[in-house]
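Data block below; observations after.
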Amino acid sequence: MAEFSFKKPTIISRCPLDTKDAKWKRLVKTVYEDPNGVRRTWESAEMQVRPVDSPVDGVSTVAIIAKSTGPEILLQKQYRPALDKVAIEIPGGLIDPGESLEQCALRELKEETGYVGVVDRTSGILFNSPGFCNNNFNLIYVTVDLSLPENQNPTPQLEEEEFIECFTLPVPSLFSQLKSLQNDGYAIETRVVALAEGIEMARKWGL
């Protein structure tokens, strides 16, 4: 697997973020009463950009490319400042006001990878880390047809601050390939791990 071609960004500083300066998310303290009547507190993060007409913050796209050698999943490498690592992820992003889940998925797929796809199905609402934050999303399953003219030379439409590289891995060997990437120092995003673990579980139990 080729290395991330962009120069790895350099962390300049880290410091606590005041809520008044937070644009995307904030820390909140929840006071609640447990089943035994004991008052407790919980610290968590809360997204601030979810559209009022949307039940979720955004979507993640499971884009499958059908090849003669078998299905391949479209992945991407992206530097994440919170980890100070390059992460292996699936395409996705925040939903815009008035946008459907499917529209968001296809828009993000086009912007981040250059590919045009067709939506197969949509998952239920998923939560990233319920003990830490209220961030939620839907998985959108998409098929990418390489025979289409628009998919012959896909060109991402990245924003100025985005540095993303796309690649594919065979679905049957996703589990082992991710292990190798992790050993190479990449951070594997939860959704990608969950997909690989699901495939491995299905293989083990003959599902």
Does one hydrophobic cluster hold both L74 and V59, with members joined at side-chain heavy-atom distances below 4.5 Å?
-> yes

Which salt bridge (Lys or Arg N to Asp or Glu O under 4.0 Å) pairs, counting each pair once, include a residue from residues 39-49, with sequence neighbours left out?
-> R26-E46, D34-R40

Just wondering, are more than 12 heavy atoms of other shown residues or ligands nearer than 6.0 Å to CG in D21?
-> yes

Rounded distance (nearest 0.5 Å) linking atom CD1 of I73 with atom CD1 of I90 | 6.5 Å

Treat each ILVMFWY residue as a node, draw an edge where side-chain heavy atoms are under 4.5 Å apart, and state whether Y141 and L106 are in one component.
-> no

Salt bridge check: are R80 and E189 linked by an N-O gap of less than 4.0 Å?
-> no

Locate the shortest heavy-atom distance separating P170 from E72; write the atom from each residue and the value.
-> CA-CG, 4.0 Å

So, do R107 and D96 sit near enough that their side-chain heavy atoms are less than 4.5 Å apart?
-> yes

Report yes if some heavy atom in the side chain of L169 is under 4.5 Å from a heavy atom in the side chain of L181; otherwise report no.
-> yes

Taking the six-membered ring of F175, is the NZ or CZ of R203 close enough (under 6.0 Å from the centre) and on axis enough (within 45°)?
-> no

Closest non-hydrogen atom pair between Q76 and Q78, with its separation = NE2-NE2, 3.9 Å

Indicate yes or no: at least one non-hydrogen side-chain atom of V118 is less than 4.5 angstrom from one of D145.
-> no

Locate the shortest heavy-atom distance separating L178 from V192; write the atom from each residue and the value.
-> CD1-CG1, 3.6 Å

Euclidean distance, E160 CD relative to F163 CZ, rounded to 0.5 Å | 7.5 Å

Check whether any side-chain N or O of D184 sits under 3.5 Å from a backbone N or O of Y186 as a donor-acceptor pair, and report yes or no.
-> no

Derivation of the side-chain contact (heavy atoms from CB on, under 4.5 Å) call for V28 and N134 | CA-CA 11 Å; V28 296; N134 73 336; over 6 Å; no

Same apolar cluster: F127 and I140, side chain cutoff 4.5 Å | yes

Taking the side chain as every heavy atom from C-beta outward, state whether R191 and N128 have any atom pair closer than 4.5 Å.
-> yes

Full working for side-chain contact (heavy atoms from CB on, under 4.5 Å) between M201 and K204 = CA-CA 5 Å; M201 180 179 289; K204 176 179 179 179; 5.7 Å; no

Mind checking whether L94 and V62 sit in one hydrophobic cluster, side chains of I, L, V, M, F, W, Y counted as touching below 4.5 Å?
-> no

Donor-acceptor side-chain pairing of T143 and D120 below 3.5 angstrom | yes

Spell out, yes or no, whether L126 and L101 are grouped together once hydrophobic residues are joined by side-chain heavy atoms under 4.5 Å, including indirect joins.
-> no

Within a reach of under 6.0 Å around NZ of K8, are more than 12 heavy atoms found that belong to other residues, nucleotides or ligands?
-> yes

Can you tell me how far the OG atom of S60 sits from the CG atom of N138, to the nearest 0.5 Å?
-> 9.5 Å

Derivation of the side-chain contact (heavy atoms from CB on, under 4.5 Å) call for V116 and K110 = CA-CA 6 Å; V116 173; K110 176 67 175 176; 4.1 Å; yes

Nearest heavy-atom neighbours spanning D53 and G98 | OD2-N, 2.8 Å

Between D57 and N136, is there a donor-acceptor pair closer than 3.5 Å when you use the side chain of the first and the backbone of the second?
-> yes

What distance do M47 atom CE and K25 atom NZ have between them, rounded to the nearest 0.5 Å?
-> 5.5 Å

Tell me, with the steps shown, if Y79 and D84 meet side-chain contact (heavy atoms from CB on, under 4.5 Å).
-> CA-CA 7 Å; Y79 173 77; D84 192 26; 2.7 Å; yes

Any chance the side chains of T122 and E102 put a donor and an acceptor closer than 3.5 Å?
-> yes

Examine distances only and state if a side-chain atom of S173 and a backbone atom of S176 form a donor-acceptor pair shorter than 3.5 Å.
-> no

Is there side-chain contact between P156 and I164, with heavy atoms separated by less than 4.5 Å?
-> no

In Å, rounded to the nearest 0.5 Å, how long is the span from CD1 of I88 to CZ of F167?
-> 4.0 Å

Quick one: pull up CG in L27 and OG in S44 and give me the separation to the nearest 0.5 Å.
-> 8.0 Å

Between V144 and N151, which heavy-atom pair has the shortest distance, and what is it?
-> CG1-ND2, 3.7 Å

So which heavy atom on C104 is nearest to which on G93, and how close?
-> SG-O, 4.0 Å

Test item: Q48 side-chain N/O and A22 main-chain N/O as donor-acceptor pair under 3.5 Å | yes

